[in-house]
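Remarks on the structure that follows.
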Amino acid sequence: MTFTENLTSWYSVNKRDFPWRNTTDPYRIWLSEIILQQTQIKQGLPYYQAFVKRFPKVYDLAQASQDDVLKLWQGLGYYSRARNLHETAKHVAFELDGVFPTSYSELLKLKGVGDYTASAIASICFNEPKAVLDGNVYRVLSRYFGVDAPINTTSGFKVFRALAQDNLDVQNPAMYNQAIMDFGATQCTPKKAACNTCPLITACTAYSTGTVSELPVKIKAKKPKNRYFNFLVYLSKDKKTIVEQRKANGIWKHLYQFPLIESEKALPYNALKDRLDSELKVDFDLRLYNKQDVVHKLSHQHLHTKFWIIDLNQLPQKGISIAQLSHYAVPVVIENFIKDFNF
DNA sequence: AAAACGGGGAC
DNA sequence: GTCCCAGTTTT
């Protein structure tokens, strides 16, 4: 049996059941693929179910506000996905009469849809013979064929894309693409690969050369940068606080937060007290909520976070009632604080 | 070509 | 701690 035949045979027995595998509706396939970008199924599944329930059709998503979409996306990360999701929904609903493009090349033009996602939708929904190339596929191909080109370089990408396309089952690209991804996710795993029960073992290059744990090759990421965040949690006598929307490019764009002072290093109590004295010009009580910095770790940044509680009679600017806080999409580090603080 | 972009899970 | 995840966009 060929690599491809072996794989589809394995899939016919070991296929996992997911809600997006019971449909070829491009809206739902697209939605699942965006949610699952750089996201494990275990984490993404509840979000998929929530989105389908809240927005059953692309038109429902198109009519929503960005704030509502971001709120439903809250906690999933990579928030540009949610912004692009909403933009594309509006584009499809209002300019394409609610009909998704039906080819790889047209799908690729949609915001948030790259090579992987266009291939996935084109193959799963329209049987177009385009091989997907995701983290699972890199791993399976690199090991089986013994390819040590780094997967996160342009040259490596070309090698693997050609290899992926060469081995695609052009008669059934939908099944093949899902088979190789499922195989990578459950059998040919990053660590502790299940070689002892692998149907491809006799022809696997990495297994025969003892290099399973060394493949695929990936250029290491840089060390994350340290940043120091001071969130100002205003608290007035009439149970109000202040939130603001992050407007700039960068992390958490368009999410909400307590007013933020970023400092070069840890901000001393007195430095903040003096600064607020001159800015507020009213009586207030300042205290640090967390004695230890909350270190919120992102892929490229470690955020050393302090939450400062500012009690005063009246807010210095327009605020919102504490009761409304739960309606705003906030970063996880803020959501954790809100739960812990319990207002 | 490299960097930016989140958060959670496995080990 | 380190690595990875049904990647895409921006610089």
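Chain letters run A, B, ... following the sequence lines, proteins first, then strands; residues in each count from 1.
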Inset, instruction - Salt-bridge test for A:Glu87 and A:Arg83: reply yes if a basic N is under 4.0 Å from a carboxylate O, no otherwise. - result: no
Legend entry - Residue mapping more 5' on DNA chain B - nearest nucleotide basis, A:Gln40 or A:Lys191: A:Gln40
Legend entry - Check: A:Thr2 main-chain N/O paired with A:Glu5 side-chain donor or acceptor under 3.5 Å: yes
Legend entry - Integer angstrom distance from the P of B:dG6 to that of C:dT10: 13 Å
Legend entry - Atom-to-atom span, CG of A:Leu303 to P of B:dC5 - whole angstrom: 10 Å
Legend entry - A:Arg21 with A:Asp182: basic N within carboxylate O range, under 4.0 Å: yes
Inset, instruction - Return no unless some side-chain N or O of A:Arg139 is found under 4.0 Å from OP1 or OP2 of C:dC5. - result: yes
Legend entry - Heavy-atom side-chain proximity of A:Lys109 to A:Pro101 below 4.5 angstrom: no
Inset, instruction - Remember a base hit wins even if backbone is also touched, and classify A:Leu76 as base, sugar-phosphate or nothing at under 4.0 Å, heavy atoms. - result: base
Inset, instruction - Compare the minimum distances between each of C:dT11, B:dG7, C:dT8 and the side chain of A:Gln43, then state the nucleotide with the smallest one. - result: B:dG7
Legend entry - Touch class at under 4.0 angstrom, heavy-atom based, for A:Trp20 against every strand present: base
Legend entry - Among C:dC4, C:dA6, B:dG7, the nucleotide that comes nearest once only the side chain of A:Pro190 is considered: C:dC4
Inset, instruction - Looking at every strand, decide which applies to A:Gly184 at a 4.0 Å heavy-atom threshold: base, sugar-phosphate, or nothing. - result: nothing
Legend entry - side-chain N/O A:Tyr79 vs B:dG7 OP1/OP2, d < 4.0 Å: yes
Inset, instruction - Return the nearest nucleotide to the side chain of A:Arg81; candidates are B:dG6, C:dA6, B:dC11. - result: B:dG6
Inset, instruction - Give one of base, sugar-phosphate or nothing for A:Lys253, where a contact means two heavy atoms less than 4.0 Å apart. - result: nothing
Inset, instruction - Can you figure out which of C:dG7, B:dG6, C:dT2 approaches the side chain of A:Thr39 most closely? - result: B:dG6
Inset, instruction - Quick one: label A:Gly44 by what it contacts on the DNA or RNA (base, sugar-phosphate, nothing), any heavy atom closer than 4.0 Å. - result: nothing
Legend entry - C1'-based separation of C:dA6 from B:dA3 [nearest Å]: 23 Å
Inset, instruction - For the side chain of A:Gln37, starting at C-beta, report the closest nucleotide among C:dT8, C:dC3, B:dG8. - result: C:dT8
Inset, instruction - Give one of base, sugar-phosphate or nothing for A:Val113, where a contact means two heavy atoms less than 4.0 Å apart. - result: sugar-phosphate
Legend entry - Contact under 4.0 Å: A:His300 side-chain N or O vs B:dA3 OP1/OP2: no
Inset, instruction - Return yes if some donor-acceptor pair links the side-chain N/O of A:Thr211 with the main-chain N/O of A:Glu214 below 3.5 Å, else return no. - result: no
Legend entry - A:Val332 side chain, from C-beta outward: closest of C:dC3, B:dG8, C:dA6: B:dG8
Inset, instruction - Mind checking A:Asn177 for me? I need base, sugar-phosphate or nothing, with any heavy atom below 4.0 Å counting as a touch. - result: nothing
Inset, instruction - May I ask you to verify whether the side chain of A:Tyr78 and the base of B:dG6 hold a donor-acceptor pair under 3.5 Å? - result: yes
Inset, instruction - Compare the minimum distances between each of C:dC4, C:dA6, C:dG7 and the side chain of A:Gln38, then state the nucleotide with the smallest one. - result: C:dG7
Inset, instruction - For the side chain of A:Lys42, starting at C-beta, report the closest nucleotide among B:dC5, B:dA10, B:dG7. - result: B:dA10
Legend entry - Distance below 4.0 Å between A:Lys223 side-chain N/O and C:dT2 OP1 or OP2: yes
Legend entry - N/O (side chain, A:Lys297) to phosphate O (OP1/OP2, C:dG1) under 4.0 Å: yes
Inset, instruction - Respond yes when some side-chain nitrogen or oxygen of A:Trp252 is under 4.0 Å from OP1 or OP2 of B:dG7, and no when none is. - result: yes
Inset, instruction - Ignoring backbone atoms, test whether A:Lys222 places a side-chain nitrogen or oxygen under 4.0 Å from the OP1 or OP2 oxygen of B:dA2. - result: no
Legend entry - Whole-Å distance separating the CZ atom of A:Arg161 from the P atom of C:dG7: 16 Å
Inset, instruction - Report whether A:Ile320 and A:Leu260 are members of the same hydrophobic cluster (ILVMFWY, side-chain heavy atoms less than 4.5 Å apart, transitive linking). - result: yes
Legend entry - Minimum-distance nucleotide (side-chain atoms of A:Thr117 versus B:dG7, C:dA6, C:dG7): C:dG7
Inset, instruction - For B:dC5, take OP1 and OP2 only and decide whether either is under 4.0 Å from a side-chain N or O of A:Ser80. - result: no
